[in-house]
Amino acid sequence: MLCNELKENLSAYLDNELRTNQLAGLTEHLANCPKCRAEHSRLIKVSGLVQNLPIPLSTARVFTGVRLAIAQEEIPGNSLQVLSGIFSGFGLLTIGFAALIVYSPVGLELLALIKAVARNFIDIGALAVKISTRISTGEPFGFWGWPISLSLFLGFGLAFYLLRKVLRSINLRGPLYE
Amino acid sequence: MPATDRDLIEKCQQGSIDAFEHVVNRYQQYAFKIAYGILGNVGDAEDMVQEAFITVHRQINSLRKGGAFPTWLGKIVTNLCLRKIQKGVKISSIPLESQESQQLSSPGTDQAYLALEAQQDVHKALLSLPLDLRVAVVLRDLQGFSYKEIAEIAGIPVGTVKSRIHQARTLLADRLSFIDNESFTEVESFTGDEGFTKGERR
């Protein structure tokens, strides 16, 4: 065996990282080659020196620092992440709707629909406020008060829905409420 | 009976801060040894250890069940140190920090002086190695990882680990001319003072 070929394996040999078939050949070669034996001995010394290198003791209060860093990171980080998530969500929705309105062949209808939905929500909100105010002020509803209120509420909703349908069928190309 | 790594990691994964404190205390010096070996500076090494444990806390749930925590931590520390060096951290040219200087200034035998000089030379030679070779030899000789573990940590084939360790040792041997002196065995037998640990294998 050539010394140069074997030398490559000397470190793995002293680290016990050679395969069995390589091990036998190298052990035999080392027994007969003073040059490789000397190189092996140098590598052992170097490895020993690095292993025995004094390492200072780490006296830092790592856990305290880690805990502080985690605490600082978590609170503002989380709320920031949530906020940025909300904003980017809204931003994407807005851009998406704007693109639909501008580029879609039914863009105007979509705009009208959004307006209608928004107005519906406002009306529903106003009604809810009125009802809750009446309930909280304790005005007597009487025996028929509740079913009448509920029927009226549902009736209004149904009427609104039908009205919208009729209006849409009459004026398909223009905004509904303009 | 002290809790096993596996128990502690499982508790950490369930969110136990006490278990995490145990893990930090158990592995602080271990992580420090790797960081110090690569960076050669106590302050930077401690910063990296802290960063490493913050990463551990963040990613503890990604450690698969039964996965080897020491190897995983070694990988985190090594990667952080490499990133720090790539960002341009200045590698310490004064090895072994102030504690050693105190030792050098105190009265002692010639043998002790020789030993300290030798240790400084070894440290300097280690820090002068190309980064990939330094990482390989630090993980092997300072921390005692197997070639397979080093391959996992560094993300390279085992054959490359073998070659890097051999190149690193050969370069060190060439740069440390005193190992060929007859007096070398006396220097080698010197053991350090308090405040230091030896780079013993795990």
Side-chain angles (χ1 to χ4, degrees), chain A residues 3-23 26 30 34-78 80-81, chain B residues 17 20-21 24-25 28-29 31-33 36-37 42 45-46 49-51 53-54 56-58 96-97 99-100 118-119 122-123 126 137-138 140-142 144 146-148 158 161-163 165-170 172-173 176 179-180 184-185 188 190-193 195-201:
Chain A
C3 291
N4 280 345
E5 277 177 33
L6 289 170
K7 268 184 187 171
E8 294 288 315
N9 287 332
L10 279 177
S11 279
Y13 177 75
L14 76 91
D15 288 329
N16 232 345
E17 294 271 0
L18 277 188
R19 288 194 295 271
T20 325
N21 58 334
Q22 293 172 308
L23 197 68
L26 190 53
L30 279 175
K35 210 174 164 187
C36 283
R37 230 176 15 249
E39 184 60 22
H40 180 236
S41 162
R42 287 179 89 217
L43 292 176
I44 289 174
K45 286 175 187 173
V46 165
S47 175
L49 281 170
V50 179
Q51 283 177 45
N52 288 320
L53 203 64
I55 305 295
L57 283 172
S58 172
T59 51
R61 291 183 176 185
V62 170
F63 179 70
T64 314
V66 171
R67 199 171 182 177
L68 199 68
I70 291 165
Q72 280 174 347
E73 197 178 62
E74 275 177 355
I75 301 162
N78 274 352
L80 265 178
Q81 276 175 354
Chain B
I17 199 76
F20 185 65
E21 186 176 6
V24 172
N25 291 336
Q28 178 173 341
Q29 186 63 24
F32 176 79
K33 203 188 275 185
Y36 181 76
V42 172
E46 283 184 337
V49 171
Q50 183 160 315
E51 279 292 313
F53 280 111
I54 292 169
V56 166
H57 187 268
R58 266 192 223 137
L96 303 178
E97 302 302 321
Q99 290 183 65
E100 185 156 337
Q119 284 166 358
V122 173
H123 201 225
L126 190 63
V137 84
V138 161
R140 175 64 209 170
D141 283 336
L142 219 50
S146 69
Y147 285 17
K148 198 179 163 193
V158 175
V161 173
K162 189 175 124 182
S163 143
I165 289 173
H166 184 67
Q167 277 186 63
R169 285 181 184 154
T170 310
L172 285 174
L176 300 169
I179 62 166
D180 297 321
F184 169 69
T185 45
E188 192 188 25
F190 176 76
T191 52
D193 288 343
F196 286 89
T197 59
K198 288 288 180 189
E200 288 157 358
R201 292 170 182 225

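Below, chains carry the letters A, B, ... as their sequence lines are ordered, and counting in each starts from 1.
Of the atoms belonging to F32(B), it is side-chain heavy atoms, and not backbone ones, that fall under 4.5 Å from chain A. Both the backbone and the side chain of T170(B) come within contact range of chain A, with heavy atoms under 4.5 Å apart. For chain A, the nearby parts of I165(B) are the backbone and the side chain; heavy atoms of each come within less than 4.5 Å. Interface residue L126(B): only side-chain heavy atoms are found under 4.5 Å from chain A.
Contact annotation: the side chain of E46(B) approaches that of T59(A) to within less than 4.5 Å [non-hydrogen atoms, C-beta and beyond]. Considering only heavy atoms from C-beta on, V46(A) stays 4.5 Å or farther from V122(B) through its side chain.
The choice from K7(A), E17(A), E8(A) that makes the most heavy-atom pairs within less than 4.5 Å of chain B is E17(A).
Between D15(A) and the choices R169(B), K148(B), K162(B), the salt bridge (Lys or Arg N to Asp or Glu O under 4.0 Å) rule is met once, by R169(B).
Ring-centre distance between H123(B) and Y36(B): below the 6.0 Å cut-off.
Counting non-hydrogen atoms of neighbouring residues, nucleotides and ligands closer than 6.0 angstrom, the CZ atom of R37(A) exceeds 12 such neighbours.
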